Chemist: 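Starting off with a structure, shown below.
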Amino acid sequence: MTWEDLDAHLDRVPGTVSAYVGRLDAPPSWTRHADAAHYAASTMKVAVLVALHRAAEAGTLELDGDVPVVNEFDSAQPGAPRFSCAPHYDNDDAVWERVGGSAPLRWLAERMIVRSSNLATNLLIGQVGLPAVAEVWALAGARHSVTGRGIEDFAARDAGITNAVTAADLAALLGALATGAATPGRLASPAGCADMLDVLLAQEHREDLAAGLPEGTRIAHKNGWVRGVRHGAGVVLPDDAPPYVIAVCTTTDLADGGTGGEEVEDDACLLIAHISAQVWAARHRL
């Protein structure tokens with residue numbers, strides 16, 4: 001299948017399907033509506049992860065230090081009451097089991113990525129601050145993505161404060177992590193970037209991008225989903241070809257979004273897996 005064939009196939013999908021595919025530190029091989037803004041869902045958690053590691057490298061936070069596990073957070077909307085997360089809307093009971101106690105920042109960061117814990121995400125945003133997350137996007141070269149609020153901050157949402165991403169910006173962020181692990185990068189030290197990639201490689205939600213790859217293929221990735229939205233972005237590390245970055249964002253009727261906070265394999269998952277498989281087949285030509 002050519003890129004033109006893939007575009008023609010996606011033209012028939014109702015809604016917006018965006019994509020960015022290419023080798024690291026090289027122009028993209030294929031893009032599709034790569035600068036179209038989508039609601040971020042959980043993909044913004046990668047920027048929170050980077051902000052945490054940057055704070056640790058600056059000496060303002062200790063990754064192995066414990067912080068209280070609470071369920072009450074400051075809203076991004078000035079003057080709004082504090083907000084809480086709903087347990088049934090989360091994907092990780094392990095963090096909720098620690099409410100009222102404490103947990104290391106490093107562990108919370110891992111749960112935020114590998115299980116996509118919303119509670120862990122809000123705890124980490126409370127530690128690093130939203131301006132630090134915005135700085136990560138800027139340093140990665142993102143042009144349109146914003147992380148304006150925590151998860152389930154409905155007062156901020158109703159005031160128009162949102163979290164948005166584009167396929168191009170997600171590719172820039174993941175690509176910067178991958179290249180920074182080999183050479184000094186703008187986001188963190190090589191060791192810090194490598195640590196973050198290890199967390200992303202341990203991703204347990206593998207129903208979209210990873211599902212389109214041969215079993216055992218390494219992919220450092222993060223996905224996100226709510227009803228009507230399904231995204232996947234990551235760096236694929238083939239054994240027989242150079243690494244490449246792939247980001248697919250979908251705002252369509254295909255994404256079920258799950259129920260009770262649980263992910264489901266829906267038609268949007270299958271679509272992203274199909275795109276991932278087509279890119280894998282072209283990996284030697286990227």
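Note that the structure is predicted; figures quoted are calculated from it, not measured.
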Chemist: Indicate yes or no: at least one non-hydrogen side-chain atom of Leu6 is less than 4.5 angstrom from one of His274.
Modeler: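 Counting from C-beta outward, Leu6 and His274 do come under 4.5 Å.
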Chemist: Is the number of heavy atoms from other residues, nucleotides or ligands under 6.0 Å of Asp35 CG greater than 12?
Modeler: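 Atom CG in Asp35 is crowded, with more than 12 foreign heavy atoms closer than 6.0 Å.
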Chemist: Answer with yes or no whether the hydrophobic clustering places Val236 together with Tyr20; edges join I, L, V, M, F, W, Y residues whose side-chain heavy atoms lie under 4.5 Å apart.
Modeler: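 Hydrophobic grouping puts Val236 apart from Tyr20.
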Chemist: Shared ILVMFWY cluster between Val245 and Trp3, side chains joined below 4.5 angstrom?
Modeler: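 Val245 does not cluster with Trp3.
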Chemist: Closer than 4.0 angstrom, basic N to acidic O: yes or no for Asp240 and Arg283?
Modeler: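 Salt bridge present between Asp240 and Arg283.
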Chemist: With a 4.5 Å cut-off on side-chain heavy atoms, are His221 and Arg206 touching?
Modeler: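 The answer is yes, as the side chains (C-beta and beyond) meet within the 4.5 Å cut-off.
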Chemist: Please name the pair of heavy atoms, one in Leu209 and one in Ala233, separated by the smallest distance, quoted to 0.1 Å.
Modeler: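 Leu209 and Ala233 have their closest heavy atoms at CD1-N, 3.4 Å.
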Chemist: May I ask you to check whether Asp7 and Trp30 show a side-chain donor-acceptor distance below 3.5 Å?
Modeler: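 Judged by distance alone, the side chains do pair up.
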Chemist: Which heavy atom of Gly150 sits nearest to which heavy atom of Asn122, and what is that distance?
Modeler: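 Where Gly150 meets Asn122 most closely, the heavy atoms are CA-OD1, 3.5 Å.
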Chemist: Could you state the interatomic distance from OG1 (Thr43) to CG (Leu170), rounded to the nearest 0.5 Å?
Modeler: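 That separation rounds to 4.5 Å.
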Chemist: List the steps, then state whether salt bridge (charged side-chain N to carboxylate O under 4.0 Å, His left out) holds for Arg54 with Glu135.
Modeler: CA-CA 10 Å; Arg54 286 176 57 80; Glu135 184 179 15; 3.5 Å; yes
Chemist: Would you check if the side chain of Thr252 reaches a backbone N or O of Gly15 as a donor-acceptor pair within less than 3.5 Å?
Modeler: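 No: the side chain of Thr252 does not pair with the backbone of Gly15.
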Chemist: If we ignore hydrogens and angles and just use 3.5 Å, is the side chain of Gln203 paired with the main-chain N or O of Ala220 as donor and acceptor?
Modeler: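 Side chain of Gln203 to backbone of Ala220, a donor-acceptor pair under 3.5 Å: no, none is there.
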Chemist: Without swapping roles, check the side chain of Asp5 against the backbone of Thr2 for a donor-acceptor pair under 3.5 Å.
Modeler: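 Yes, Asp5 side chain to Thr2 backbone: donor-acceptor pair under 3.5 Å.
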Chemist: So for atom CG, which belongs to Asp11, do other residues, nucleotides or ligands contribute more than 12 heavy atoms lying within a distance under 6.0 Å?
Modeler: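 Count over threshold, so yes.
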Chemist: Checking side-chain contact (heavy atoms from CB on, under 4.5 Å) against Leu213, which of Ile246, Val279, Ile219 comes through?
Modeler: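 Among Ile246, Val279, Ile219, the one that satisfies the side-chain contact (heavy atoms from CB on, under 4.5 Å) with Leu213 is Ile219.
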Chemist: Does any donor atom in the side chain of Ser42 or Trp225 lie under 3.5 Å from an acceptor atom in the other side chain?
Modeler: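 There is no such pair (donor and acceptor under 3.5 Å, judged by atom type) between the side chains of Ser42 and Trp225.
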Chemist: Which atom pair, heavy atoms only, marks the closest approach of Glu62 to Leu105?
Modeler: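 That closest heavy-atom pairing would be O-CD1, 3.5 Å.
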Chemist: Same cluster for Leu201 and Val46 if Ile/Leu/Val/Met/Phe/Trp/Tyr side chains link at under 4.5 Å?
Modeler: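 Same hydrophobic cluster.
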Chemist: If we ignore hydrogens and angles and just use 3.5 Å, is the side chain of Ser145 paired with the main-chain N or O of Ala142 as donor and acceptor?
Modeler: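 Not at all, since once roles are kept as given, no pair shorter than 3.5 Å links the two residues.
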Chemist: Flag the pair Leu254 / Leu271 as yes when at least one side-chain heavy-atom distance between them is below 4.5 Å, and no otherwise.
Modeler: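 SC-SC contact between Leu254 and Leu271 confirmed.
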Chemist: One thing to verify: whether Asp169 and Arg143 come together as a salt bridge, which I'm taking to mean a side-chain N less than 4.0 angstrom from a carboxylate O.
Modeler: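 Answer for the salt bridge query: no.
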Chemist: Please set out all donor-acceptor pairs under 3.5 angstrom arising from side-chain atoms of residues 182-194, sequence neighbours excluded.
Modeler:
| residue | atom | partner | partner atom | Å |
| --- | --- | --- | --- | --- |
| Thr183 | OG1 | Thr179 | O | 3.2 |
| Arg186 | NE | Leu139 | O | 3.4 |
| Arg186 | NH1 | Leu139 | O | 3.2 |
| Ser189 | OG | Glu57 | OE2 | 2.7 |
| Ser189 | OG | Gly192 | N | 3.0 |

Chemist: Arg111 and salt bridge (Lys or Arg N to Asp or Glu O under 4.0 Å): which single residue from Asp92, Asp90, Asp93 fits?
Modeler: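 So, applying the salt bridge (Lys or Arg N to Asp or Glu O under 4.0 Å) to Arg111 and each of Asp92, Asp90, Asp93, only Asp92 qualifies.
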Chemist: Between the side chains of His38 and Thr251, is a donor N or O closer than 3.5 angstrom to an acceptor N or O?
Modeler: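 There is such a pair between these side chains.
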Chemist: Let me check something: do Phe154 and Val229 share a hydrophobic cluster, defined by ILVMFWY side-chain heavy atoms less than 4.5 Å apart, either directly or through other members?
Modeler: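 Phe154 and Val229: separate clusters.
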Chemist: Return the CD1 to CZ distance between Ile125 and Arg149, rounded to the nearest 0.5 Å.
Modeler: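 The CZ atom of Arg149 is 10.0 Å from CD1 of Ile125, to the nearest 0.5 Å.
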Chemist: Supply the atom-to-atom distance Leu63 CG to Leu61 CG, rounded to the nearest 0.5 angstrom.
Modeler: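 That separation rounds to 8.0 Å.
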Chemist: Which distance, rounded to the nearest 0.5 Å, do you find between the CG of Leu49 and the CG of Leu173?
Modeler: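 It comes to 9.0 Å.
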Chemist: Just how far is it from atom CD of Gln278 to atom CH2 of Trp280, taken to the nearest 0.5 Å?
Modeler: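 Rounded to the nearest 0.5 Å, the CD-CH2 separation comes out at 13.5 Å.
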Chemist: Is the shortest heavy-atom distance from the side chain of Tyr39 to the side chain of Thr162 under 4.5 Å?
Modeler: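 They are in contact (side-chain heavy atoms under 4.5 Å apart), so the answer is yes.
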Chemist: To the closest 0.5 Å, what do you measure between CG (Leu24) and CG (Leu237)?
Modeler: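 That separation rounds to 8.0 Å.
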Chemist: Could you pull out the closest heavy-atom pair between Leu197 and Ala181, with the gap in Å?
Modeler: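 Result for this residue pair: CD1-CB, 3.7 Å.
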Chemist: Is the terminal nitrogen or CZ of Arg98 (NZ for Lys, CZ for Arg) located under 6.0 angstrom from the six-membered ring centre of Trp107 and within 45° of that ring's axis?
Modeler: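 Ring-cation test returns yes.
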Chemist: Picking from Ile151, Leu108, Asn71, Leu124, what satisfies side-chain contact (heavy atoms from CB on, under 4.5 Å) with Leu119?
Modeler: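 Between Leu119 and the candidates, side-chain contact (heavy atoms from CB on, under 4.5 Å) is satisfied uniquely by Asn71.
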Chemist: When you measure from the side chain of Asn223 to the backbone of His205, do you find a donor-acceptor pair of N or O atoms at a distance under 3.5 Å?
Modeler: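 Yes, the answer is positive, given that a donor and an acceptor are paired below the 3.5 Å cut-off.
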Chemist: Indicate yes or no for a side-chain donor-acceptor contact from Arg32 to the backbone of Val17 under 3.5 Å, with no hydrogens or angles considered.
Modeler: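 Such a contact is found between Arg32 side chain and Val17 backbone.
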Chemist: Can you list the steps and then say if Cys269 with Arg230 is a side chain to side chain contact (heavy atoms under 4.5 Å, CB included)?
Modeler: CA-CA 7 Å; Cys269 286; Arg230 161 67 63 164; 3.3 Å; yes
Chemist: If we only count heavy atoms from C-beta on, is the Tyr244 to Pro238 side-chain gap below 4.5 Å?
Modeler: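 Yes, at least one pair of side-chain atoms sits under 4.5 Å.
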Chemist: Are Trp137 and Val48 grouped together when hydrophobic residues (ILVMFWY) are joined by side-chain heavy atoms under 4.5 angstrom apart?
Modeler: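 Cluster IDs for Trp137 and Val48 match.
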Chemist: Would the distance check show the side chain of Thr250 and the main-chain N or O of Ala268 forming a donor-acceptor pair, the cut-off being under 3.5 Å?
Modeler: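 A pair under 3.5 Å: no.
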Chemist: Using modelled atom types and a 3.5 Å cut-off, is there a donor and acceptor pairing between side-chain atoms of Asp153 and backbone atoms of Ala76?
Modeler: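 Side chain of Asp153 to backbone of Ala76: a pair is present.
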Chemist: In terms of the angle between their ring planes, are Phe83 and Phe73 parallel, tilted or perpendicular, with boundaries placed at 30° and 60°?
Modeler: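 Geometry flag for Phe73 against Phe83: tilted rings.
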Chemist: Determine whether Val67 and Gln127 make a side-chain contact, defined as any pair of heavy atoms from C-beta on separated by less than 4.5 Å.
Modeler: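 When only atoms from C-beta onward are counted, Gln127 and Val67 do touch, with a gap below 4.5 Å.
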Chemist: Minimum heavy-atom separation for Cys249 and Val165, please, with both atom names.
Modeler: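 What the structure gives for the nearest pair is SG-CG2, 4.4 Å.
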Chemist: Heavy-atom distance under 4.5 Å between the side chains of Thr31 and Val21, does that happen here?
Modeler: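 No, every pair of side-chain atoms sits at 4.5 Å or beyond.
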Chemist: Which heavy atom in Gly148 sits nearest to a heavy atom in Leu130, and how many Å separate them?
Modeler: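 What the structure gives for the nearest pair is O-CD1, 3.4 Å.
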Chemist: Kindly say whether Ser117 contributes a backbone atom to a donor-acceptor pair with the side chain of Thr121 at under 3.5 angstrom?
Modeler: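 Judged by distance alone, yes, a pair lies under 3.5 Å.
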Chemist: Please tell me whether Ser116 and Lys45 have a donor and an acceptor in their side chains that are separated by less than 3.5 angstrom.
Modeler: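 A pair is found: one side chain offers a donor N or O, the other an acceptor, under 3.5 Å apart.
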Chemist: For Ala167, is there any backbone N or O sitting under 3.5 Å from a side-chain donor or acceptor partner on Ser18?
Modeler: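 Not confirmed, Ser18 side chain does not pair with Ala167 backbone.
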Chemist: I'd like to check Ile275 versus Leu10 (side-chain heavy atoms, cut-off strictly below 4.5 Å). Are they in contact?
Modeler: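 A side-chain contact under 4.5 Å exists here.
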Chemist: Can Glu110 and Arg115 be counted as an ion pair, charged N to O under 4.0 angstrom?
Modeler: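 So Glu110 does not pair with Arg115 through a salt bridge.
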